[in-house]
Amino acid sequence: MPLMSSSRGPAILPGSTIGILGSGQLGRMLALAARSLGYRVHVYSPEPDAPAAAVSDKELVGAYEDLEAIRSFARGVSVVTFEFENVPSEATSAAAEHAPVRPDGSVLHITQNRLREKGFLQSHGFPVTPFRAVGRLDDLKKAAESLGLPGVMKTADFGYDGKGQWKLTRPEELEPAWHSLSGAAGIYERYVPFAKELSVVGARGTNGHCATFPVFENTHSRHILDFTVAPARVDPKVEREAQELARDILDQLDVVGVLTVELFLTADDRILINELAPRVHNSGHLTLDASLTSQFEQQVRAVCGLPLGSTELTSPAAMANLLGDLWDNGEPHWLAALEDPRVKLHLYGKRHARAGRKMGHLTATGSSIEEAMDRVAGARARLA
Ligand code: AMP
């Protein structure tokens, strides 16, 4: 008997094979969670010898444009899911000929492009940062005039970690920024002087049941996530609103799987959506050590049609990213960081450290958020 039946077919039970498109650190932690639940894991990506491949049963190396290779990958698995969302629609359609693709390619199509994503959210009544499409220099000038400066111009496609982003504060910066776009479709957003950045990681099962993790509070450095603490230090009303928002978005997009909502919180406690990621998220890494169910296990449960796990936080927690810059003066001092027994080290098995490259993270739990934060920041400082 399947554990849970739904209109999307019977549950995919342990022992089956899960296919993951993408093979970076998110895929690695997803594969580890899948394996501990007794699944087999196949990964597909253009990168040989990638972080997820080392912990998977099978690695297929191929381009996302190679539809025959994608079809053959999908034939070998019971369900296809993602750790990397910028996969062409043709690839998800080709995979869907042979196995359910979760979340569906239509979710990826919307979230791959900032204009489609913001247009979708706005038309469904969700609060987003004010924005305009930028196709020509004149559009950028008009957008800056109507929304005001400062603003942020971003490429509409394939942006992450602040790549393809220009903060504009003066009118004379518009034209050079426009040239940097090199003809790519762009978006201009009003700069939000946020009080906090938050994220909500939510999961939705094949039967439409939703579960969100407690709200995470994030700080960025050079546009890259630096620290996350949980639970976010916000008014309980904000916590509730943010979680409801995430659940509504998962419902409206008919997501099966995990989706993360990145939010700005203004000084007067208004929530604005910055962007969506149709997958697990860097800010959710602390769930591995501080939640009853990790975000990775939750994705496995959701895409396989198992009941979702409890998202309860077992303790206040903090996470610090470890970027390649830490290797500037040789191997980091792992022993010094681990002197604190409440600090957990996660490394992604990447062979080459580069500035800004995510190599691993540290998590600490504590009796308060501040204690967890001190522990994780102290451990990271001892690495250098
Ligand atoms: P994104 O790639 O859109 O997630 O942006 C990366 C980071 O840039 C965000 O987490 C913010 O710290 C900052 N950022 C992006 N857009 C805005 C905006 N409209 N206003 C203020 N900060 C922004």
Side-chain angles (χ1 to χ4, degrees), residues 24 26 84-86 108 110-122 126-134 139-140 143-170 173-174 177 180-181 184-201 215-230 232 234 242 245-246 249 258-285 319-321 323 355-358 361:
L26 301 180
F84 173 76
E85 67 269 36
N86 288 319
L108 268 70
I110 291 172
T111 56
Q112 273 168 358
N113 177 283
R114 293 184 192 273
L115 285 167
R116 276 200 296 273
E117 180 174 289
K118 285 214 154 67
F120 171 88
L121 291 168
Q122 202 172 44
F126 294 109
V128 291
T129 44
F131 71 98
R132 296 277 187 281
V134 172
D139 296 336
L140 179 59
E145 233 170 72
S146 67
L147 298 181
L149 285 163
V152 187
M153 187 185 73
K154 304 177 180 179
T155 51
D157 295 302
F158 305 125
Y160 71 99
D161 284 349
K163 292 190 174 67
Q165 259 186 51
W166 296 266
K167 185 174 175 195
L168 304 171
T169 44
R170 288 174 297 129
E173 291 168 357
L174 300 182
S180 321
L181 261 187
I187 180 170
Y188 180 85
E189 296 174 11
R190 181 182 293 157
Y191 183 80
V192 181
F194 53 80
K196 281 191 172 162
E197 288 196 77
L198 308 174
S199 54
V200 184
V201 178
V215 177
F216 303 136
E217 179 181 330
N218 305 316
T219 47
H220 291 78
S221 168
R222 292 179 295 156
H223 294 286
I224 303 173
L225 184 66
D226 195 22
F227 288 106
T228 297
V229 297
V234 294
L245 196 71
I249 294 171
V258 168
L259 180 131
T260 304
V261 186
E262 295 180 15
L263 302 164
F264 296 133
L265 182 69
T266 63
D268 57 352
D269 270 358
R270 277 186 313 121
I271 288 173
L272 289 170
I273 300 170
N274 172 34
E275 68 174 347
L276 309 179
R279 51 164 169 77
V280 286
H281 195 257
N282 194 165
S283 62
H285 290 357
M319 186 276 320
N321 264 341
L323 301 184
R357 190 174 197 208
K358 291 175 179 170
H361 68 269

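Quick note: residue numbers are just sequence positions, from 1. Both counts, for ligands and for their atoms, begin at 1 and track the order of listing.
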Please list, in number order, the atoms of ligand 1 under 4.0 Å from a heavy atom of [X].
X	result
E197	9 (C), 10 (O), 11 (C), 12 (O)
K154	3 (O), 15 (C), 16 (N)
H223	7 (C), 8 (O)
F264	11 (C), 14 (N), 16 (N), 17 (C), 18 (C), 22 (N), 23 (C)
E262	4 (O)
E189	16 (N), 18 (C), 19 (N)

A side-chain contact here means heavy atoms from C-beta on lying under 4.5 Å apart; do [X] and [Y] qualify?
X	Y	result
T155	L181	yes
R222	L323	yes
L245	V200	no
M153	L168	yes
T129	V152	no

When the ring planes of H361 and H285 are compared, do they come out parallel, tilted or perpendicular, using 30° and 60° as the limits? tilted
Once rounded to the nearest 0.5 Å, what's the spacing between atom CD of E197 and atom OG1 of T219? 8.5 Å
Are any of the N or O atoms of Y191 closer than 3.5 Å to those of ligand 1? no
Looking only at distance, does V192 have an N or O less than 3.5 Å from an N or O of ligand 1? yes
Option of least heavy-atom distance to atom 18 (C) of ligand 1 (set: V152, L147, I224, V128): V152
Report the part of R114 in contact with ligand 1, treating N, CA, C, O as backbone and CB onward as side chain, heavy atoms under 4.0 Å; options are side chain, backbone, both, neither. side chain
Answer side chain, backbone, both or neither: which part of N218 comes under 4.0 Å from ligand 1, heavy atoms only. neither
Looking only at heavy atoms of Q165, does any of them come nearer than 4.0 Å to an atom of ligand 1? yes
Which heavy atom in L26 sits nearest to a heavy atom in V280, and how many Å separate them? CD1-O, 3.8 Å
